[in-house]
Structures are given as C-alpha cells and as structure tokens.
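Read the structure below first, then the notes.
The chains referred to below are lettered A, B, ... by the order of the sequence lines, with proteins before strands, and numbering in each begins at 1.
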Amino acid sequence: MMFEGFLFVIHLFLHTYCQLQVAAQCFINLLRWWRVSKWNADILLSQAKPLTGKLPSHVSFVFLEDDLPVEDLVKPIVWCICLGVSTISLYDYYGRLRRKKLEIDDELREYYADFTRDVKNNPKCSLNPKIKFVSVENGRTDLVHAARDMARDMLKSGTGVGDITQVSYNSYHKVFGDNEPELMIQFGKQRTLAGYPPWSVHLTEILTLPTCYLISPLQFISTLNSYCKIEKRVGK
Amino acid sequence: KIHEKLGEAVVSTQSTGEIMSEDWFKRVEYTWFQSFMIKCVRTGRLPKHIAFIMDGNRRFAKVKEITRSESYAMGFEKIGEILDHCEMFDIKVVSVYAFSIENFKRSEEERNELFTLMSEKMNYLLTKMDKLNEKGIRIKVSGNISLFPAHITKTLAQLELQTMSNSEFCLNLCLAYTSRDEMTNSVRCLTKGVLEGKLKVDDINETMLDRCLYTEDLPPVDMLVRTSGEVRLSDYMMWQANFAALQFVRVLWPDFGFWHFVGALLDYQRQEPKLREYRSNYKPFLDKMSQAELKMSAHLEHCSLTSHEACTMNSEITAAYTRAHCLRSEKFISGLKSERHAYLESCAELSSAGA
C-alpha cells in the first residue's frame, strides 16, 4: 500500500509536469504572438535562411493528442510549403484527419492565402506539395498487401525468391514508396509510433512537441533547427 | 580504468560510481533507496519486452580517453547490469542492438575490433553455460548471422542451441540485423511457401509476417530505449516496436545506470494507458479485416470451382476455408521452425576456418 501510494505521488508529479509543459508552451507562444502575428512567408524564409540546404524534403506530422484543432494544425503545413518541403504527411491513429480532409483543405487555403500575402519573391510558395493522410490502416497492412502483390507477380512471372530484395519489396509499398519522411514531428505527451507505417521510419528523425495548439512559427523554426543540427551517421 | 585480465574480480568506473565485475553474472548491489524504488515501481504496469539501442560507445571512449575496445567491453558489462535490473523488475525479455548490417561499412580495423570482442564475449558466455542454465537465461540471436566470420557464426549458433530450452528470461542479441532486412526475409519465406504450393497468396497476413520474423515467438516490444541522445530508430525493430514507448535518453550507453532505467520505466508507466488503448483498438481492427479477407478469399475460391449459379456466400464454406487456412499456416510455421533449427545445427558444426 505504501509503495503504491509513493508511486501514485511520483506519477501525479509526472503528469503535472507534462501538463505544465503544454501550458508553458502555449503561454510562451501567446507571449510571442505580438512578434509573429505579422509574419508572412518572406519573414519565415529569412528566419530559416541558416537552414537552407539542410531542410528535409518530406516531413511527417504525427498527432497523438485527443483534440485536433484544424486551425492550428494547418499552420505547420503551410510553413513547410513555404520552406520548400515537397511532401507532407499527416498521421493520426484513428484516421480522424482523413475524415476532416475537406475542412483541412478549406482551412489550409485560407491560412495559405493569408500567410503568402504581400509575398514579393518566393518561388517555393508556389510549389504544389503532396499532402498524404495516413492512419493505422496504412501501417503494417501496407506491408502485408505489398507482400501479397509481390507473391502474385512472382507466381505469374515464375521468378525465384532470390529476386526478393529490400529494393524490390520497397517498390510494392503504396503509402510512401521510396519517399520515407526524413523528419517526424510528434505532437502530444506520448512518444510512440502508434501504428505508423513501420517500413518507412528506418532513418527518420523523431522530434516531439507537447502540443500543436497555438503553435508559433518561431517554435517551428527552432524544431527545424534541432533537426538540422543532428548528425546523420547511418551505421558508421 | 578497466583491467583486461579476466582474473581481476572487481573494477570500478569513475563515470557511474557503481561497482562492475568482470564476472558478468555478479549481482548488482542496490542501496536501500534503490530497493525502495524497485518495490514502488513494481506496483505499476511494467513492460514485458524492452529493446535497447546501445549507442554512444565510441563517444564514451573519446570522452573518457580510453580505447574503443575498452569502451565496447564496458558496453558488454552494461548488458549484464541491465539484465540484473530487469530481473528485479520481473521483465522477461530484453533485446539489444549489438551489431547492425550497416556496421559492416565501418573501417576494417573497427570491424575486426568488434569481431574480436564479440568472439571473446560469446565464448565467455559459452563457458558460463551452467550459470545461464541455472538462471534460466535463453540467448536468442536475431539477424543474418551468416554474414559474420565462420567462428562467430558457430559460437552464436551454439549459444542459441544450448540455451534454447531455458524459459525464465530471454536475451535477444540482434546481430547482423536491420529491421528492413528482417521484414524482407519474412516476406521471402512466405513467398517461397507460396511458390512451393505450401501456402496460398491470401494466407499471407500480419500474423504470418510476424511469425516469420527473426523474433518469431517473442512478445511485442513494449519499450524501446536508445541512448546517446539520438532520436531515430536506425532500422531497429520497427515492426515489433510499432506500439512501443520510445525513450531517447541523453546519456551514453556505458553511463546508462539504474536511475536512467527507472526514469524510462516511470515514463513508460505514464504513457502506458494510451499505448494500451492503441493496442487494444488494433486487435479488433485486425480481426475484422482478417475475417473479411478470409470470407472474400473463400468466396472467390468457391466461385472458381463451381458454376456461376452455385456461387453464393455461405458461412460453412467460409468456415471450411478458414480451417484449411489455419492448418496450412500452422504447418508452414512448424516447417519453418524446423528449417531454422536445422540451420542453427549446421552452423554450430561449422569448422572454425577463417577464425
């Protein structure tokens, strides 16, 4: 009983600490609001200038929170578009984002128009990025379907199993194919793949933010900065 | 400093302040507060399977101004210490990422250092078979061990075979391993089964893919710990850790101590309700999909064998197809296990040429 009680106190402290982290992030972003409220794509690009050449080409946003405020989650997507990220994927376990696609598209267009106002010379903002909606249904299931498709093709063609390599198997994957996210930003108090397509995270850098609520471009730039500082060693 | 002679009973490290022994099985001595914390943490939910990415050995060597070999040796000692902590918390399965297929790209000098250490430590464990059996430790090796020099492959196979019947604890050494290689190998096994007529294409499902992995009968990973502060999985256990708590700890592997371990467990307990929700919601989704697929496959097969008029959905036909599918799958998995066992036995009898 005493040990359970002590553990309860520790967890109470941990939960409170996590809640305070979320609150602190929101508070800091609110304080910064006066500084970033007039930001547009040009200002974002000038702030991100030191990161030129090191930014990922595919960013995956994983939403682990229970609430998914559309007006907040579209912001990092638009910022990615303006920084020239060519592929953006949005993952949530239950596929709620996919069901809200229309609402997200509307909100995205509205915020994009606002953020790219008065943009003088930013060719990256005119890029048309690929935005993928992913959920647990695209996780391990994708590997199973890829395996079946491969087996069917091999039955037809009569080729041997010696031809099955990572490269050939990779070509059957429909979710991301060869385009694995270089950066995964997780929003929430957990740190887990939560059923994310397992084939596609083998070298992905996984960074976490407590919440996407009231996210600010300064915080986003800071996260990208952390990504750019990581030494990508690949086994060496 | 670490003394290299096996005869030295006790060594100490400045970094951890804890006593470590060259005898890998020497019990860690816990302070009263550590014992108190163990009792507290044990009252909560704990992971059944923890996977470690033991990163930071070379950086540790630079920081402490010791050789890489000494640092790797300390890393091996750390595994023994972690096993002791796991025993205290009743955690039954530990996987360690000891050597990636990507590590073969390192310089020849470093590869040889690693192979020498691996050979030394695995032979040491072979000499301690009585201790391993006394403690009920099963050593499993996951990976493409044929990529190693013959003498190392032989030792690994012997270790796995001689501890196979132990069931108290499992130490899963991931050697010559990457997760993509493992998943590709699993697909290769299943495709071979299809091409040989042992399986139908639609028999390939998530359960079968899972059972053909190197980890086969081990439980899923509940917590994955990576040391040194890196925040990627580096192609490790991506399938098995799909619903695990990820702990990226900013300490180098030889410095990973009791309190870092307890911190990771506490954070796991904090996340556990949400992780349990994900897992418990996934199973019905998988079952529902599996049933729908079996029904469809049964219908397609029935239609291909009968006339158009007789082609109707029928629960008896589905049940018969499902039974046949289960039989084929079990027979295939049983055959695969025998093949793998036979492979280990052939490796264990390899000559040591090339040592």
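Proximity to chain A (any heavy atom under 4.5 Å) is shown, for B:Asp210, by neither the backbone nor the side chain. Looking at B:Glu196, there are no atoms closer than 4.5 Å to chain A (heavy atoms on both sides), in backbone or side chain. Within the 4.5 angstrom heavy-atom criterion, no atom of A:Asp153 approaches chain B. Both the backbone and the side chain of B:Asn281 come within contact range of chain A, with heavy atoms under 4.5 Å apart. Only the side chain of B:Lys274 comes within contact range of chain A, with at least one heavy atom under 4.5 Å from a heavy atom of that chain. Proximity to chain B (any heavy atom under 4.5 Å) is restricted, for A:Thr159, to the backbone atoms N, CA, C and O. Only the side chain of A:Tyr94 comes within contact range of chain B, with heavy atoms under 4.5 Å apart. For chain A, the nearby parts of B:Asp202 are the backbone and the side chain; heavy atoms of each come within less than 4.5 Å. B:Ser107 does not touch chain A: none of its heavy atoms, backbone or side chain, sits under 4.5 Å away. The part of A:Leu207 that comes within reach of chain B is its side chain, from C-beta onward, which places non-hydrogen atoms under 4.5 angstrom from that chain. Heavy-atom distances place no part of B:Leu190 under 4.5 Å from chain A, backbone and side chain included. When heavy atoms are compared at a cutoff of 4.5 Å, A:Met150 approaches chain B solely by way of its side chain, counted from C-beta outward. Neither the backbone nor the side chain of B:Leu199 comes within contact range of chain A, judged by heavy atoms closer than 4.5 Å. For B:Tyr278, the parts sitting under 4.5 Å from any heavy atom of chain A are the backbone and the side chain alike. Looking at B:Met208, neither its backbone nor its side chain comes within 4.5 Å of chain A, counting heavy atoms on both sides. Both the backbone and the side chain of B:Phe248 come within contact range of chain A, with heavy atoms under 4.5 Å apart. Using a 4.5 Å cut-off between heavy atoms, B:Met37 touches chain A through its side chain atoms alone.
Evaluation of the side chain to side chain donor-acceptor pair (under 3.5 Å) rule for A:Gln186 yields no partner, not counting sequence neighbours.
Dense packing is recorded around CG of B:Asp90, with more than 12 heavy atoms of other residues, nucleotides or ligands lying under 6.0 Å away. No more than 12 heavy atoms of other residues, nucleotides or ligands lie within 6.0 Å of CZ in A:Phe13, so this atom counts as exposed by the packing criterion. The number of heavy atoms from other shown groups lying within 6.0 Å of CZ (B:Arg250) does not exceed 12. Shown here is B:Phe285, whose CZ atom has more than 12 heavy atoms of other residues, nucleotides or ligands within 6.0 Å. Other residues, nucleotides and ligands contribute only 12 or fewer heavy atoms inside 6.0 Å of the NZ atom of B:Lys48. Around NZ of A:Lys75, the count of heavy atoms belonging to other residues, nucleotides or ligands within 6.0 Å exceeds 12.
Two rings, from B:Tyr97 and B:Phe52, have their centers 6.0 Å or more apart. You'll find the ring centres of A:Phe187 and A:Tyr213 outside the 6.0 Å limit.
Ranked by non-hydrogen atom pairs under 4.5 Å with chain A, the options B:Val194, B:Leu286, B:Asn205, B:Leu275 are led by B:Asn205. Contact count versus chain B (heavy atoms, under 4.5 Å) is highest, among A:Ile10, A:Ile230, A:Thr141, for A:Thr141.
Side-chain contact annotation: A:Glu182 with A:Ser57, donor-acceptor N/O pair under 3.5 Å present. If you check the side chains of A:Thr211 and A:Glu65, you find a donor sitting under 3.5 Å from an acceptor. Residues B:Glu182 and B:Tyr177 bring a donor and an acceptor atom of their side chains to less than 3.5 Å of each other.
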- Could you walk me through whether A:Lys132 and A:Ile88 pass the side-chain contact (heavy atoms from CB on, under 4.5 Å) test, one step at a time? CA-CA 6 Å; A:Lys132 284 181 172 270; A:Ile88 297 156; over 6 Å; no
- Task: Might you work through the side chain to side chain donor-acceptor pair (under 3.5 Å) test for A:His11 and B:Gln269, ending with a clear yes or no?
- Result: CA-CA 8 Å; A:His11 280 298; B:Gln269 288 179 333; 2.8 Å; yes
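Residues of residues 163-172 of chain A that come closer than 4.5 Å to chain B, counting heavy atoms only, are A:Ile164, A:Thr165, A:Gln166, A:Tyr169, ordered by residue number.
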